[in-house]
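Step one of this worksheet: look at the structure below.
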Amino acid sequence: MMPYRFKDARVQSGISQKDAAEQLQVSAATVNNWESGRRLPTIDALEKMADLYGVSTDYLLGRTDAANPFRRIAESIDKDILPFLHDHPVFVNNNRWGLVDAVNERIRFLDGNELPFSDATRISALPPIFQSNSIPEGRKLSRDEIGTYIRVWVEPISKDEPLRQEMRGWYTVKDRFVENELGQRFYLDTYGNKWLAFME
C-alpha cells in the first residue's frame with residue numbers, strides 16, 4: 001500500500017496547513033499529526049479533507065494515483081451557463097466539486113462554504129449523459145447585440161426544469177422584447193435575470 005497523501009494533496013491544492021486546519025475545524029497540530037503519520041483522521045474528517053483539496057478519499061489513502069477520477073470526464077463550461085445548472089454538480093477553480101445554486105448565484109460546497117458565480121473560474125460540468133438538463137450551445141449574446149439579430153435562441157433562467165424546457169427555443173426579436181411563435185415573450189429589461197439569448 002502506498003503512503004497516505006494528506007500533505008501532498010494539501011500542497012497541490014495550494015492551501016496552507018493553517019488554512020486547512022481552519023476549514024476542517026481542527027487544530028493545526030491535528031493536521032500536522034495526520035500529515036506526519038502520527039495520527040489518522042476520522043472518516044468524517046477524511047471526507048472533508050477530500051472535498052477541501054479536490055481529490056478522492058482513495059487518493060488520500062494511497063489506494064489510487066488518480067487524484068480526482070471525475071475531473072477527466074468533466075467538460076469545461078462558460079460561467080454564463082451556471083444559471084441553467086441549478087442543483088447540478090460543477091468542478092470549480094480546478095480544485096473541488098460543488099452544487100450550483102442558481103437562485104442565489106452561488107456554488108455551495110459540502111463543508112458549508114459558498115462561492116459567488118463571479119469568483120468562479122475554470123468551471124467544468126459532467127457531460128450531458130450524466131445530467132438531466134441540456135446546456136445551451138452557441139455564443140451568448142450581450143443585451144446590446146440582440147437588436148442586431150432577427151431571431152435568437154432563448155434559454156430561460158429557472159430552476160423549474162419542465163418550464164425551462166417548454167419556454168426555450170427560437171424567438172423573433174422585436175423592439176422591447178423577443179417573442180416565439182406561441183406569443184410567449186421575454187422583455188429586454190429582464191435580460192440576464194430571467195433569460196439569456198444565444199446565436200446559432
Side-chain angles (χ1 to χ4, degrees), residues 13-15 23 51-54 68 70-200:
S13 69
I15 299 173
Q23 298 265 357
D51 186 55
L52 179 63
Y53 300 157
N68 194 319
F70 295 108
R71 184 182 310 192
R72 290 184 308 229
I73 61 171
E75 297 177 346
S76 180
I77 63 169
D78 191 286
K79 187 186 303 190
D80 294 326
I81 303 304
L82 289 175
F84 304 109
L85 298 177
H86 184 73
D87 276 346
H88 284 269
V90 290
F91 194 66
V92 187
N93 297 352
N94 221 16
N95 171 288
R96 61 199 300 206
W97 286 94
L99 283 179
V100 175
D101 177 357
V103 176
N104 297 299
E105 297 187 355
R106 299 191 168 282
I107 298 168
R108 300 185 188 279
F109 300 102
L110 184 64
D111 59 10
N113 287 329
E114 298 178 352
L115 182 74
F117 284 0
S118 58
D119 293 344
T121 59
R122 297 184 307 276
I123 307 162
S124 303
L126 296 175
I129 190 170
F130 296 105
Q131 61 190 32
S132 63
N133 63 345
S134 55
I135 296 174
E137 297 179 4
R139 184 176 67 82
K140 181 181 91 69
L141 301 174
S142 70
R143 180 178 168 174
D144 294 336
E145 288 179 296
I146 295 171
T148 64
Y149 287 84
I150 296 171
R151 281 190 342 149
V152 293
W153 180 268
V154 167
E155 289 285 348
I157 298 174
S158 174
K159 65 179 183 176
D160 184 338
E161 178 66 20
L163 176 66
R164 189 182 147 228
Q165 292 298 332
E166 180 182 327
M167 298 285 291
R168 70 195 299 248
W170 289 106
Y171 282 66
T172 302
V173 177
K174 305 286 186 178
D175 186 30
R176 293 177 18 249
F177 56 85
V178 294
E179 184 177 54
N180 68 10
E181 59 188 15
L182 301 174
Q184 296 166 322
R185 295 179 177 178
F186 284 100
Y187 287 86
L188 291 175
D189 59 359
T190 64
Y191 189 72
N193 293 321
K194 294 188 175 180
W195 62 289
L196 290 173
F198 293 80
M199 62 180 288
E200 189 173 7

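- Taking 4.5 Å as the limit, some side-chain heavy atom of Thr172 sits within range of a side-chain heavy atom of Arg151.
- Using a 4.5 Å heavy-atom threshold, the side chains of Phe186 and Asn180 count as separate.
- Counting only distance, with no hydrogens or angles, the side chain of Tyr53 and the backbone of Ile15 share no donor-acceptor pair below 3.5 Å.
- Atom CD of Glu145 has more than 12 neighbouring heavy atoms from other residues, nucleotides or ligands inside a 6.0 Å radius.
- Annotation: the span from Ile107 atom CD1 to Asn113 atom CG amounts to 12.5 Å, rounded to 0.5 Å.
- Within the structure, the salt bridge (charged side-chain N to carboxylate O under 4.0 Å, His left out) test picks out the following pairs touching residues 177-189 (sequence neighbours left out): Glu179-Arg185.
- Ala120 approaches Leu115 most closely through the heavy-atom pair CA-CD2, 3.9 Å.
- Between the side chain of Lys79 and the backbone N or O of Ser118 there is at least one donor-acceptor pair closer than 3.5 Å.
- Using a 4.5 Å cut-off on side-chain heavy atoms (C-beta onward), Ile157 and Asn193 make no contact.
- Counting heavy atoms from C-beta on, the side chains of Val152 and Phe198 never come closer than 4.5 Å.
- Residue Met167 comes nearest to Pro156 through the heavy atom pair CB-CG, 3.4 Å, listed as atom of the first residue, atom of the second, then distance.
- Tyr191 and Lys140 get closest at one heavy-atom pair: OH-CG, 4.2 Å.
- Side-chain N or O atoms of Trp195 include none that pairs as donor or acceptor with a backbone N or O of Leu188 at under 3.5 Å.
- Closest non-hydrogen pair, Ala102 versus Leu82, comes out as CB-O, 4.3 Å.
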